[in-house]
Asks: 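Structure below; questions to follow.
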Amino acid sequence: MEKYTKILKALSDETRLKIVWLLTNIDEKICVSEIVEVLEERQYNISRHLRILKDAQLIEEVKEGKWVFYYLTSTNNEFRLLMQKTISAIPEKDMKKELTKCKTLLDRREK
């Protein structure tokens, strides 16, 4: 039961929920500075939230050069799949501003 509690506690914060929603809906890895800009939060706070999500095994990180990118942990665990499905059901209109900013940053990164 402890692992389920850890996941639910990790998702109980609005900022962490937004991070997981973004990772679920953009289907791309993103770095801390991009999350900071999208969510208009301090870097320290975003790093703390990412650490909590990582401890709950909801996200993973990969280092590419000097950048560390975060992405959703792949899983075939039924509980985790249901959590991701629930999060992806949050209407896009509730995250429109964040999604637009994120897509703009990702487009810039590709150029």
Side-chain angles (χ1 to χ4, degrees):
M1 287 299 283
E2 187 177 328
K3 64 181 173 183
Y4 304 118
T5 303
K6 198 170 202 171
I7 290 170
L8 291 170
K9 281 182 180 180
L11 295 172
S12 69
D13 179 85
E14 182 177 339
T15 300
R16 292 190 294 269
L17 188 59
K18 285 180 176 184
I19 291 168
V20 173
W21 188 93
L22 282 169
L23 289 170
T24 301
N25 287 283
I26 62 166
D27 195 32
E28 188 154 346
K29 44 191 181 182
I30 52 179
C31 68
V32 175
S33 63
E34 291 166 333
I35 298 169
V36 165
E37 191 167 338
V38 168
L39 298 182
E40 299 174 356
E41 292 272 344
R42 293 180 183 258
Q43 188 270 329
Y44 169 81
N45 290 334
I46 294 299
S47 293
R48 184 175 50 83
H49 288 305
L50 291 169
R51 186 173 50 254
I52 292 168
L53 292 170
K54 192 174 170 193
D55 287 346
Q57 298 179 344
L58 291 168
I59 63 170
E60 293 181 41
E61 63 183 31
V62 62
K63 188 168 176 126
E64 294 180 11
K66 65 178 185 170
W67 300 100
V68 178
F69 291 93
Y70 293 87
Y71 59 95
L72 289 177
T73 304
S74 60
T75 184
N76 58 3
N77 174 295
E78 186 177 354
F79 180 78
R80 289 270 315 285
L81 290 172
L82 287 171
M83 287 294 100
Q84 283 182 273
K85 188 173 184 179
T86 301
I87 292 166
S88 68
I90 295 171
E92 192 174 300
K93 67 179 177 65
D94 294 337
M95 289 285 293
K96 184 129 181 93
K97 180 180 97 175
E98 293 88 349
L99 185 60
T100 301
K101 278 178 116 174
C102 191
K103 286 181 177 179
T104 301
L105 288 174
L106 294 174
D107 286 345
R108 261 194 257 156
R109 185 198 313 160
E110 290 178 12
K111 293 177 184 174

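Throughout, numbering of the chain's residues begins at 1 and tracks the sequence.
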Asks: For Ser33 and Trp67, which heavy atoms make the closest approach, and how far apart are they?
Replies: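 Nearest heavy atoms, Ser33 then Trp67: OG-CZ3, 3.9 Å.
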
Asks: Under the side chain to side chain donor-acceptor pair (under 3.5 Å) rule, collect the residues that match up with Glu98, sequence neighbours excluded.
Replies: Lys18

Asks: I would like to know whether Thr15 and Asn45 meet side-chain contact (heavy atoms from CB on, under 4.5 Å); could you show each step before the answer?
Replies: CA-CA 9 Å; Thr15 300; Asn45 290 334; over 6 Å; no

Asks: To the closest 0.5 Å, what do you measure between CG (Leu53) and CZ (Arg48)?
Replies: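 Reported to 0.5 Å precision, the distance equals 11.0 Å.
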
Asks: Can you tell me how far NZ of Lys3 sits from CG of Leu8, rounded to the nearest 0.5 angstrom?
Replies: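 Answer rounded to 0.5 Å: 12.5 Å.
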
Asks: So if you build clusters from Ile, Leu, Val, Met, Phe, Trp, Tyr with side-chain heavy-atom gaps below 4.5 Å, do Val36 and Ile52 land together?
Replies: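 Unlinked, Val36 and Ile52 end up in two clusters.
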
Asks: Search all heavy atoms of Ile19 against all heavy atoms of His49 and return the closest pair with its distance.
Replies: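 Taking every non-hydrogen atom into account, CD1-CB, 4.1 Å.
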
Asks: How close do Leu23 and Glu28 get, heavy atom to heavy atom, and via which atoms?
Replies: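 Looking at all heavy atoms of both residues, the shortest contact is CD2-O, 3.6 Å.
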
Asks: A quick test of your reading: do over 12 heavy atoms of other residues, nucleotides or ligands sit less than 6.0 Å from CD of Glu14?
Replies: no

Asks: Of all the heavy-atom pairs spanning Thr24 and Gln84, show the shortest one and how long it is.
Replies: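 Reported closest heavy-atom pair: CG2-O, 4.3 Å.
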
Asks: What's the separation between atom SG in Cys31 and atom CD1 in Ile46, rounded to the nearest 0.5 Å?
Replies: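 Cys31 SG to Ile46 CD1: 11.5 Å, rounded to 0.5 Å.
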
Asks: Check the surroundings of atom CD in Glu41: do more than 12 heavy atoms from other residues, nucleotides or ligands lie under 6.0 Å from it?
Replies: yes

Asks: For the CD1 atom of Ile59 and the NZ atom of Lys29, what is their distance to the nearest 0.5 Å?
Replies: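 Rounded to the nearest 0.5 Å, the CD1-NZ separation comes out at 14.0 Å.
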
Asks: Is there a donor-acceptor pair under 3.5 Å between the side chain of Asn25 and the backbone N or O of Trp21?
Replies: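 The answer is yes, because a donor-acceptor pair under 3.5 Å joins these two groups.
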
Asks: Do Tyr71 and Glu60 pass the side-chain hydrogen bond (donor to acceptor under 3.5 Å, both in side chains) test, and can you show the C-alpha distance, the side-chain angles, and the key distance before you say yes or no?
Replies: CA-CA 6 Å; Tyr71 59 95; Glu60 293 181 41; 3.2 Å; yes

Asks: Given 3.5 Å as the limit, does a donor-acceptor pair link the side chain of Glu37 with the main chain of Glu34, or not?
Replies: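 Absent.
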
Asks: Could you check whether Gln43 and Ser47, counting side-chain N and O atoms only, form a donor-acceptor pair closer than 3.5 Å?
Replies: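 Per modelled atom types, Ser47 and Gln43 side chains form a pair under 3.5 Å.
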
Asks: Is Leu81 reachable from Tyr4 through a run of I, L, V, M, F, W or Y residues, each pair having side-chain heavy atoms under 4.5 Å apart?
Replies: no

Asks: If Ile, Leu, Val, Met, Phe, Trp and Tyr residues are connected whenever their side-chain heavy atoms lie under 4.5 Å apart, and connections chain through other members, are Leu58 and Met1 in the same group?
Replies: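 Yes, because Leu58 and Met1 connect within a single hydrophobic cluster, where side-chain heavy atoms sit under 4.5 Å apart.
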
Asks: Identify the two heavy atoms, one from Arg16 and one from Ala10, that lie closest to each other, and give their separation to 0.1 Å.
Replies: NE-O, 2.7 Å

Asks: Of all heavy-atom pairs between Leu99 and Ile26, which one has the smallest distance, and what is that distance?
Replies: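 Here Leu99 and Ile26 meet closest at CD1-CG2, 3.7 Å.
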
Asks: Check each of Ile35, Leu39, Asp27 against Leu22 using the side chain to side chain contact (heavy atoms under 4.5 Å, CB included) test, and report the only one that passes.
Replies: Leu39

Asks: Under a 4.0 Å threshold between the charged nitrogen and the carboxylate oxygen, would Glu61 count as salt-bridged to Arg51?
Replies: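 Salt bridge absent between Arg51 and Glu61.
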
Asks: Check whether Arg80 reaches the backbone of Thr73 with its side chain - one donor and one acceptor, N or O, closer than 3.5 Å.
Replies: yes

Asks: Less than 4.0 angstrom from a charged side-chain N to a carboxylate O is my criterion; do Lys101 and Glu40 meet it?
Replies: yes

Asks: Check for me, please, whether Leu50 and Phe69 land in the same ILVMFWY cluster - side-chain distances under 4.5 Å, paths through other members count.
Replies: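 No, no single cluster joins them.
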
Asks: Mind checking the OG1-CD spacing from Thr75 to Glu78? Nearest 0.5 Å is all I need.
Replies: 10.5 Å

